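Quick note on labels: first sequence line is chain A, next is B, and so on, each numbered from 1. As the structure is a prediction and not an experimental result, all values here were calculated from the model.
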Protein chains: 2
Amino acid sequence: MPGSRRLPSRPELDVWRDFIETTEALRTRIGGRLLHDTGLSTGDYTVLLALSEAPGRRVRSSELAAGIGWERSRLSHHLARMERRDLITREGHTTDSRGAVVVLAPAGAAAFQAATVPHLRAVRELFVDALTPAQLTAAGEIAAALREHLRLP
Amino acid sequence: MPGSRRLPSRPELDVWRDFIETTEALRTRIGGRLLHDTGLSTGDYTVLLALSEAPGRRVRSSELAAGIGWERSRLSHHLARMERRDLITREGHTTDSRGAVVVLAPAGAAAFQAATVPHLRAVRELFVDALTPAQLTAAGEIAAALREHLRLP
DNA sequence: CTCCTATGATTGACACGTCAACCACAGGGG
DNA sequence: CCCCTGTGGTTGACGTGTCAATCATAGGAG
């Protein structure tokens, strides 16, 4: 069909650019605030959140990667940096000697604890408060539609 | 007022996470496609687009940075990489000897020319086609509201 | 038991972004 | 004319992300 080769119209392209630039700016703004206020990057926060919710505050590396939707390589690099800062430690898996287990370190737990309220407050201030309830709902639906279209889990 | 310290509710937080993760995935998907299909990153594309629209296909560096909303440092690093690949060249400014002028090189013009249709097609397929017309409109309004709230230009 | 393949995880190379430091010059006071 | 402050631009250090290569081991076919 000819429609399959159609290019976006001017207004469609404007929405695209505005949408992608604004979400990018929002991400960097909230990430910057988190880093500035707490010393944690959003990556750190994501990892620490997953760890702090895990039973025993320990998770197998591959499960952690799957849980937060990261590639193993990315996680491995990030964990190396976090280990250097004593936020986490790594242990070998007891039964599967290929496996690595990530353990939440005391400093990591403390940093996460201290970061959560400021971060949630920033999310409310910069995202939730910017939108009307209807817009918030629409944002959820748009995300769902995009996600579906991208065939994301 | 007490409301100023309120944290996001569960559903609000779910929307936030879904929204931010999905837009991130969308960006990397479209960026990855562009890079794979044309050898240009989204940063390259942004710079080349601005350059190809400029009179004489040349722009003063600081104006380019302002035009695409980048920090000067970021642009400087990126231009260095693009110059290495012969996509652009840099010349001194004629009257203000502090200034640098970025010039679109033939290879850059050709690469941009070749990239534009595939990229716009990807935008249509992965973004425009994923949304109903009403959702597209809503996306524009959400972006505008967020942008306003962030006090972006 | 012995291969053979698949999986878990790490590493190296490189692109990208931010921050802070830096250098050079423009554009005025004095 | 000389200094002094502000602006344009680059650089270095470092955190981050992707890709491809690598390595060790698990787990099953034979």
Please report the distance, rounded to the nearest Å, between [atom1] in [X] and [atom2] in [N].
X: H36(A); N: dA20(C); atom1: NE2; atom2: C1'; result: 14 Å
X: D96(A); N: dG8(C); atom1: CG; atom2: P; result: 8 Å
X: I88(A); N: dA9(C); atom1: CD1; atom2: P; result: 13 Å
X: R27(A); N: dG17(C); atom1: CZ; atom2: P; result: 12 Å
X: M82(A); N: dT10(C); atom1: CE; atom2: P; result: 14 Å
X: E24(B); N: dG17(C); atom1: CD; atom2: C1'; result: 13 Å
X: R33(A); N: dT18(C); atom1: CZ; atom2: C1'; result: 18 Å

Using a 4.5 Å cut-off on heavy atoms from C-beta on, say whether the side chain of S73(B) contacts that of H78(B).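 Contact flag for H78(B)/S73(B) side chains = no.
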Identify the heavy atoms of L87(B) and A111(B) that sit nearest to each other, and give their distance.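 Closest pair (atom of L87(B), atom of A111(B), distance): CD2-CB, 4.4 Å.
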Just by modelled atom types, is the D18(B) backbone N or O under 3.5 Å from a matching donor or acceptor in the T22(B) side chain?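 Flag set: sc T22(B) to bb D18(B) pair under 3.5 Å.
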Taking NZ, NE, NH1 and NH2 as the nitrogens, is one of them in E12(B) or R124(A) under 4.0 Å from a carboxylate oxygen of the other?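 Looking at R124(A) together with E12(B), the answer is no, because their closest N to O distance does not fall below 4.0 Å.
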Any side-chain donor paired with an acceptor under 3.5 Å for H36(B) and R33(B)?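 No - no donor-acceptor pair under 3.5 Å links their side chains.
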Start at the 5' end of DNA chain C and walk down; is the nucleotide closest to E71(B) or to S97(B) reached first?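 By nearest-heavy-atom nucleotide position, the 5'-most residue is E71(B).
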So which one's nearest nucleotide on DNA chain D is more toward 5', W70(A) or T95(A)?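 Its nearest nucleotide being more 5', the pick is W70(A).
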Using a 4.0 Å cut-off on protein heavy atoms (strictly under), produce a 5'-to-3' string for nucleotides 9-16 of chain D with B for base contact, S for backbone-only sugar-phosphate contact, and - for none. BBBBB-SB
For Y45(A) and H119(A), take the angle between the two ring planes, folded into 0 to 90°, and tell me which bin it lands in: parallel under 30, tilted 30 to 60, perpendicular over 60.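 Geometry flag for H119(A) against Y45(A): tilted rings.
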